[in-house]
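Okay, so here's the structure we're looking at.
What's counted below: heavy atoms across the whole structure, side chains too, no hydrogens, waters or symmetry copies. Numbers here are sequence positions counted from 1. Whatever order the structure lists ligands and atoms in, that order sets their numbers, starting from 1. Predicted model, so just to flag it, every value in this text is computed and none were measured.
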Amino acid sequence: MKIFLDTAEVDKIKRFAALGMVDGITTNPTLILKAGREQKEVISEICKIVDGPVSVEGACQKAEEIAKEGEEFASWAKNVVVKVPMGEEGIKAVQILSKKKIKTNVTLVFSAAQALLAAKAGATFVSPFLGRLDDVGEEGMELIRQTVCIYRNYGFKTQVLAASIRSPVHVVGAALAGADAATVPPDVLEKCFRHGFTDAGIKKFLEDYAAAKKRG
Ligand code: G3P
């Protein structure tokens with residue numbers, strides 16, 4: 001499973017890219033706001049650090065406007081993917097952008113029916129938001145499983161990008177479900193490296209190594 005980082009914070013991207021763990025990046029207006037930088041400037045910098053797909057989202061609502069803005073985003077770097085909100089206008093925009101060979105990521109997907117339509121429209125990625133479904137008492141992982149199953153049944157090329165990931169449990173669940181990628185916030189990726197038993201085991205082995213050395 002590919003791991004994308006769900007952030008526009010360059011220091012965090014550099015940290016995990018140096019470990020070879022960043023296959024792509026996803027951003028949204030909230031993450032751009034959090035990064036505290038101008039969108040084009042920060043996306044252009046990110047695209048130089050990461051070779052893989054970098055998703056960029058705007059704020060247009062009408063298909064033609066989403067597509068026009070998407071063309072502008074795509075001119076910033078060759079690895080830009082245009083995030084398009086799910087809906088009739090978004091689906092139209094995906095079709096316009098696909099004809100121009102511009103990659104798309106259909107975002108804010110909360111049902112398997114929406115995921116099916118995104119694939120039929122020719123989206124490059126679909127982003128089912130599993131954490132936000134869990135937040136309201138639905139089982140987000142079921143949406144990932146259904147989407148993967150539907151795409152396999154019909155051989156759709158659209159990649160399933162598990163989004164709104166909140167914990168390492170979500171990362172593992174997405175991998176078990178067969179998602180092509182998961183977009184993971186930096187703090188969750190950091191948690192994936194760690195386990196209390198690993199830390200305790202390292203400590204004990206270091207102590208015993210030193211004791212054995214001392215004894216000779
Ligand atoms: O990038 C979109 C998605 O991952 C956002 O997640 O945590 O705002 O629900 P969240």
Side-chain angles (χ1 to χ4, degrees), residues 1-10 12-13 16-17 21-37 39 42-43 45-47 49-50 52-61 66 69-70 73-74 76-77 79-87 90 93-94 103-112 114-115 118 123-148 158-175 177 179-192:
M1 184 176 70
K2 285 174 262 190
I3 293 179
F4 291 4
L5 217 51
D6 201 21
T7 186
E9 291 173 68
V10 167
K12 292 176 181 168
I13 293 169
F16 291 108
M21 291 297 152
V22 181
D23 300 305
I25 299 291
T26 53
T27 65
N28 59 38
T30 307
L31 295 171
I32 293 289
L33 182 69
K34 194 173 167 205
R37 291 180 57 186
Q39 188 182 37
V42 74
I43 295 293
E45 186 177 347
I46 291 169
C47 287
I49 302 165
V50 177
V54 175
S55 285
V56 182
E57 187 167 356
C60 293
Q61 299 295 307
I66 298 170
E69 187 183 46
F73 293 157
W76 295 350
N79 47 338
V80 162
V81 173
V82 179
K83 255 189 171 179
V84 177
M86 180 61 206
V94 166
K103 291 186 174 150
T104 54
N105 175 358
V106 175
T107 188
L108 292 163
V109 167
F110 292 95
S111 78
Q114 291 178 321
T124 316
F125 295 96
V126 67
S127 291
F129 274 33
L130 70 104
R132 292 191 195 185
L133 283 172
D134 285 2
D135 291 346
V136 295
E138 292 185 42
E139 205 202 329
M141 202 55 73
E142 185 55 19
L143 173 58
I144 305 295
R145 285 192 285 267
Q146 287 178 354
T147 304
V148 169
T158 304
Q159 296 182 51
V160 181
L161 171 52
S164 188
I165 294 268
R166 300 279 164 77
S167 69
V169 173
H170 277 165
V171 176
V172 173
D180 299 281
T183 187
V184 184
D187 63 314
V188 175
L189 187 54
E190 188 184 331
K191 286 181 192 158
C192 291

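- A donor-acceptor pair shorter than 3.5 Å can be found between the side chains of Thr183 and Thr26.
- Looking at residues two or more places apart in sequence or on another chain, you find a side chain to side chain contact (heavy atoms under 4.5 Å, CB included) between Ile32 and Ala8, Thr27, Gln39, Val42, Ile43.
- At the top of the distance list for atom 4 (O) of ligand 1, counting protein heavy atoms only, stands Asp6 OD2, 2.6 Å.
- Close approach to Arg132 involves these atoms of ligand 1, each under 4.0 Å from a residue heavy atom: 5 (C), 8 (O), 9 (O), 10 (P).
- Glu57 and Phe73 get closest at one heavy-atom pair: C-CE1, 3.8 Å.
- Expressed to the nearest 0.5 Å, how far CD1 of Ile25 lies from SG of Cys47 amounts to 9.0 Å.
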For residues 184-192, which side-chain N or O atoms pair as donor and acceptor with protein atoms under 3.5 Å away, sequence neighbours left out?
from	atom 1	to	atom 2	distance (Å)
Glu190	OE2	Arg194	NH1	3.0

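- Considering backbone and side-chain N/O atoms, Lys83 comes within less than 3.5 Å of an N/O atom of ligand 1.
- With ligand atoms numbered from 1 in the order given, ligand 1 contributes 7 (O), 9 (O), 10 (P) to contacts under 4.0 Å with heavy atoms of Arg166.
- Which parts of ligand 1 touch Ala163 is read off a 4.0 Å heavy-atom cut-off, strictly below it: atoms 4 (O).
- What sits closest to atom 6 (O) of ligand 1 on the protein, heavy atoms only, is Ser164 CA, 3.3 Å.
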